[in-house]
Amino acid sequence: MGLHTNMDMNDRQEKILDIIINKPIETQEELTSELKKEGFDVTQSTVSRDIRKMKLSKVSDMDGHLRYVAYSETDENLDEKYLRILRDGFISMDNADNILVIKTVSGMAMAVAAALDHLKFNEIVGSIAGDDTIMCAVRSVDLMANVMSRLRAILNR
């Protein structure tokens, strides 16, 4: 019986992040199946432990399907200063393909963009801020609904 090393666990958890970023995974069974396709010999109980350890959550996408997402920090650890800036400066958001456009209060775009950077969304490659508008490049059109859902959840807390 082989021992699992921290490296195995880290590799597996990195692969889990890669999978949930690139595919809409709704269940532990789907995630287990995807990991097996990638060559990881895992059980559903191992995947369940990883989900808890990684603090993965499920959010609803635009079609109403639940999917796993990763928050880089737990609710308790989010810096209230950045959340306040995000909430105070945010006016609206929309998208054009994989570009997320956020409208802010005049003069607040850079501060709101810094707050977004602090949240470390893996789906956002980078952001450009002007005076009252932020343009965020999202990795793919498929990830846009996830990013917008997560932002709405943060704004509505």
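The first residue in the sequence is number 1, and the count goes up from there. What you see below is based on every heavy atom in this structure, not just the backbone, and it leaves out hydrogens, waters and symmetry mates.
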L56 versus I16: any side-chain heavy-atom pair under 4.5 Å? yes
Would you say that D50 contacts V42 through its side chain, given a criterion of any heavy-atom pair below 4.5 Å between the two side chains? no
Work out which heavy atom in V112 is nearest to a heavy atom in G89; give both atom names and the distance. CG2-CA, 3.8 Å
Side chain to side chain contact (heavy atoms under 4.5 Å, CB included), that's the test. Do N146 and V138 meet it? Break it down for me. CA-CA 10 Å; N146 184 35; V138 177; over 6 Å; no
Side-chain heavy atoms of I20 within contact of R67, under 4.5 Å: no
Stepwise side-chain hydrogen bond (donor to acceptor under 3.5 Å, both in side chains) test for T43 and T46: CA-CA 5 Å; T43 63; T46 299; 3.1 Å; yes
Side chain to side chain contact (heavy atoms under 4.5 Å, CB included) between N122 and L143, intermediate numbers included: CA-CA 10 Å; N122 290 327; L143 296 174; over 6 Å; no
Backbone N or O of Q44 within a donor-acceptor pair of the S48 side chain at under 3.5 Å? no
Sequence neighbours excluded, the answer for side chain to side chain contact (heavy atoms under 4.5 Å, CB included) partners of R84 is K81, D88
Do L17 and M54 make a side-chain contact, defined as non-hydrogen atoms from C-beta onward lying under 4.5 Å apart? yes
Approximate separation, where rounding is to 0.5 Å, of M148 CE and N95 CG: 5.0 Å
Kindly compute the distance separating CZ (R139) from CD1 (I124), expressed to the nearest 0.5 Å. 10.0 Å
I19 and Y68, any side-chain heavy atoms less than 4.5 Å apart: no
How long is the straight-line distance from CG of D97 back to CG of L100, given to the nearest 0.5 Å? 12.5 Å
Rounded distance [0.5 Å steps], OG in S33 versus CD in E38: 10.5 Å
With heavy-atom distances below 4.5 Å as the criterion, would you say the side chains of K23 and E30 are in contact? no
Do the side chains of I91 and V147 join up, straight or via other hydrophobic residues, at under 4.5 Å, putting them in one cluster? yes
Is a salt bridge present between D18 and K15, judged by a nitrogen-to-oxygen distance below 4.0 Å? yes
Which heavy atom of A113 sits nearest to which heavy atom of I134, and what is that distance? N-CD1, 3.5 Å
Minimum heavy-atom separation for S127 and C136, please, with both atom names. OG-SG, 3.2 Å
Got M108 and I85 here, is their nearest side-chain heavy-atom distance under 4.5 Å? yes
Distance in Å, I154 CD1 paired with Y82 OH, rounded so as to fall on 0.5 Å steps: 14.0 Å
Would you say M93 has more than 12 foreign heavy atoms packed within less than 6.0 Å of its CE? yes
Does a side-chain heavy-atom distance below 4.5 Å link D11 with F40? yes
Quick test of your reading of the model: are E123 and R150 salt-bridged, counting only N-O distances below 4.0 Å? yes
Same apolar cluster: V105 and L151, side chain cutoff 4.5 Å: yes
In the single-linkage hydrophobic clustering (I, L, V, M, F, W, Y; side-chain heavy atoms under 4.5 Å), do I21 and M144 co-cluster? yes
Straight-line distance of M110 CE to D131 CG, nearest 0.5 Å: 8.5 Å
Could you walk me through whether I102 and L116 pass side chain to side chain contact (heavy atoms under 4.5 Å, CB included), step by step? CA-CA 11 Å; I102 298 174; L116 280 173; 3.5 Å; yes
With a 6.0 Å cut-off (strictly less than), is the heavy-atom count around CD1 of I128, excluding the residue itself, greater than 12? no
